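Everything numeric in this text was worked out from a predicted model, so none of it was measured.
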Amino acid sequence: MTGFNTQLVHGQNVHDNQTGAINIPIYNSSTYAYPSATSKVRWDYERSGNPTREYLEKQITLLENGKNGFAFASGMAAIHAVFAIFKPGDHILVGNQIYGGTFRILNQYFKERGIEFSVVDTTNLATIEPAIKENTKATYFEPVTNPLLHVSSVAGVAKIAQKHHLLTIVDNTFLTPYLQKPLELGADIVVHSATKYLSGHSDVIAGLVVTNSEELGKKVYFVQNALGGVLSPESASLVRRGIQTLAVRMDRQQQNAFEIIHFLEQRPEVTKIYYPGIKGTKDYLIASAECQGFGGVLSFELAPKINASAFVNQLQLIRLAVSLGAVESLAELPYEMSHAELPPAERLKAGISTQLIRLAVGIEDSSDLIADLKQAIDFAVQHPVNKQSI
């Protein structure tokens, strides 16, 4: 068994006996010729299977130590496929801090089609068992929440789910298999927005699913093939290429994150920092036990009179955008941007204040990132929130 970094670079062996290509070629064909009308062929139509896409699917299966992998046209297409394996009348427990797009598809699409959902705080295992009903079929959550970076125990949730014969479904986008392998902790299905860390360059939209059993794999493949939300060969090749540098990128991003946190801790304008790698917290204890690192995203609160909008607008090197996981650093104001679709009361209830900043750390020189943060804080101090807007 090769090491993880070797698996990132090489994946499954490519045996291209036509050219000797080191990397899997982009097979950009919508259909494939049959040797004869009665031949049993491996490839017939791209929606059902493509060699380039299959390479990526096998690679993510290898990295997650699963049984079957599937590549979709977006993270939301992957999430849709996973929830589509359930039937009307099924009940699913959902973590109380999940991606807004997931929240939307559950409440405005699947709920209307007869699937029931209950929200639980998966960071508090005591809330899970009382919420289980006779028709409960699964739990779904993100081990590291967005944007407050609270950590749930995958092993703890999975143990409860197994006791009640439920599936455990984990969105592992923030950590990737480099930092956590949920299937090895007891999960049944892992979902990724491969748009983020796996591709890592803000140039492709993609989603991945890995199952821990052939039975679940058949269910996910049926949805993938029937609905057709598959990843294109070109995009599959970009994700494959991004995966090769996953470890070196995330190592640099985490190193930069710690250096930025050290800087922020010295600034009186910053009242709170959220990051699983900060010692002395429950999040740190869980992450230390179940993860190989803490990720490249952190959030922090600015003091009440500091103009948060002025701060993010003043950033010069760090770009103002809502994604994460790429080589460039990105900042956003969750209250006004990524979580703006929630009513103000719901945002505040979830801990998303007007002063909260989320920073997705890239691989730039940390000194340049810190200098940018410093000048933006200084600018915001000089342009405080006026009394009428407080």
Side-chain angles (χ1 to χ4, degrees), residues 8-9 11 23 26 52-53 56 59-60 63 71-79 99-102 142 144 146-147 149 171-179 191-209 229-257 260 275 293-299 312-334 336-341 357-366 368-370 372-373 376:
L8 288 177
V9 174
N23 292 313
I26 298 175
T52 313
R53 189 175 83 232
L56 174 61
Q59 187 178 28
I60 192 61
L63 297 177
F72 294 86
S74 68
M76 286 312 306
I79 290 169
Y99 173 56
T102 307
E142 299 172 13
V144 178
N146 176 30
L149 290 307
D171 182 335
N172 197 29
T173 298
F174 267 52
L175 295 174
T176 81
Y178 180 50
L179 300 183
V191 181
H192 293 279
S193 173
T195 308
K196 312 301 191 301
Y197 285 105
L198 292 175
S199 64
H201 291 81
S202 297
D203 58 3
V204 64
I205 299 291
L208 298 171
V209 174
V230 295
L231 189 63
S232 73
E234 297 89 345
S235 294
S237 183
L238 285 174
V239 177
R240 175 207 59 77
R241 185 179 67 175
I243 284 175
Q244 289 181 306
T245 60
L246 173 65
V248 292
R249 286 187 284 107
M250 292 203 81
D251 284 347
R252 180 62 171 268
Q253 287 161 331
Q254 290 183 101
Q255 177 185 344
N256 281 351
I260 288 170
Y275 185 68
F294 307 101
V297 178
L298 62 97
S299 295
V312 295
N313 291 338
Q314 180 63 19
L315 292 168
Q316 304 298 311
L317 177 64
I318 301 169
R319 306 301 296 272
L320 186 59
V322 295
S323 193
L324 56 99
V327 291
E328 67 276 355
S329 294
L330 304 175
E332 68 130 340
L333 202 58
E336 300 291 351
M337 296 170 67
S338 60
H339 291 70
E341 66 185 54
I357 311 294
R358 192 191 73 181
L359 184 62
V361 182
I363 65 171
E364 304 95 338
D365 288 320
S366 61
D368 292 329
L369 296 174
I370 290 170
D372 195 26
L373 292 167

Checklist entry - Are Leu208 and Val191 close enough, and set up right, to give a side-chain contact (heavy atoms from CB on, under 4.5 Å), and what steps lead you there? => result CA-CA 6 Å; Leu208 298 171; Val191 181; over 6 Å; no
Checklist entry - Can you tell me if Gln59 uses its side chain to pair, donor with acceptor, with the backbone of Leu8 under 3.5 Å? => result yes
Checklist entry - Which atoms form the tightest heavy-atom contact between Pro233 and Thr52, and what is the distance? => result O-CG2, 3.5 Å
Checklist entry - With the threshold set at 4.0 Å, does a side-chain nitrogen-carboxylate oxygen contact exist between Asp372 and Arg319? => result no
Item to check | Intermediate values then yes/no, side-chain contact (heavy atoms from CB on, under 4.5 Å), Leu238 and Ser199 | outcome: CA-CA 7 Å; Leu238 285 174; Ser199 64; 6.0 Å; no
Item to check | Derivation of the side-chain contact (heavy atoms from CB on, under 4.5 Å) call for Thr195 and Val239 | outcome: CA-CA 8 Å; Thr195 308; Val239 177; over 6 Å; no
Checklist entry - Closest heavy-atom contact between Pro334 and Glu332? => result CD-O, 3.3 Å
Item to check | CG-CG distance between Leu198 and Asn172, expressed to the nearest 0.5 angstrom | outcome: 8.5 Å
Next on the checklist: Is it the case that the side chains of Asn23 and Arg241 hold a donor-acceptor pair, with the cut-off being a distance below 3.5 Å and no angle test?
Outcome noted: no
Item to check | Polar side-chain atom of Ser299 near backbone of Pro147 as donor-acceptor pair, under 3.5 Å | outcome: yes
Checklist entry - Measuring from Leu149:CG to Phe294:CZ, what's the distance to the nearest 0.5 Å? => result 12.0 Å
Next on the checklist: Can you give me the closest heavy-atom contact between Gly295 and Tyr275, atom names plus distance?
Outcome noted: O-OH, 2.6 Å
Checklist entry - Given Gln253 and Val327, is the side-chain contact (heavy atoms from CB on, under 4.5 Å) satisfied, shown in steps? => result CA-CA 8 Å; Gln253 287 161 331; Val327 291; 5.7 Å; no
Checklist entry - Any donor-acceptor pair under 3.5 Å linking the side chain of Gln316 with the backbone of Gln314? => result yes
Item to check | Interatomic spacing from CZ in Phe72 to OG in Ser235 - rounded to 0.5 Å | outcome: 14.5 Å
Checklist outcome for this item: Gly362 and Ser329 have their tightest heavy-atom pair at N-OG, 2.7 Å
Next on the checklist: Do Leu359 and Val297 make a side-chain contact, defined as non-hydrogen atoms from C-beta onward lying under 4.5 Å apart?
Outcome noted: no
Next on the checklist: Does any part of the side chain of Met337, heavy atoms only, come nearer than 4.5 Å to the side chain of Leu320, both counted from C-beta?
Outcome noted: yes
Item to check | Distance in Å, Tyr178 OH paired with Leu63 CG, rounded so as to fall on 0.5 Å steps | outcome: 12.5 Å
Checklist entry - Taking atom types as modelled and ignoring hydrogens, do the side chains of Ser366 and Gln255 form a donor-acceptor contact shorter than 3.5 angstrom? => result no
Checklist outcome for this item: To the nearest 0.5 Å, atom CG of Leu373 lies from atom CD1 of Ile318 at 4.0 Å
Item to check | Close side-chain approach of Ser74 and Ile79, heavy atoms under 4.5 Å | outcome: no
Checklist outcome for this item: Closest non-hydrogen atoms of Tyr197 and Thr173, given as atom of the first, atom of the second and distance, are CD1-O, 3.6 Å
Checklist entry - Any sub-3.5 Å donor-acceptor pair from Asn256's side-chain atoms to Glu364's backbone N or O? => result yes
Checklist entry - Do Leu246 and Thr176 have side chains that get closer than 4.5 Å, going by heavy atoms? => result yes
Next on the checklist: Quick check for you: to the nearest 0.5 Å, what is the distance between Ser323 atom OG and Leu330 atom CG?
Outcome noted: 6.5 Å
Next on the checklist: Please give me the minimum heavy-atom distance between Leu231 and Ile205, naming the atom from each residue.
Outcome noted: CD1-O, 3.6 Å
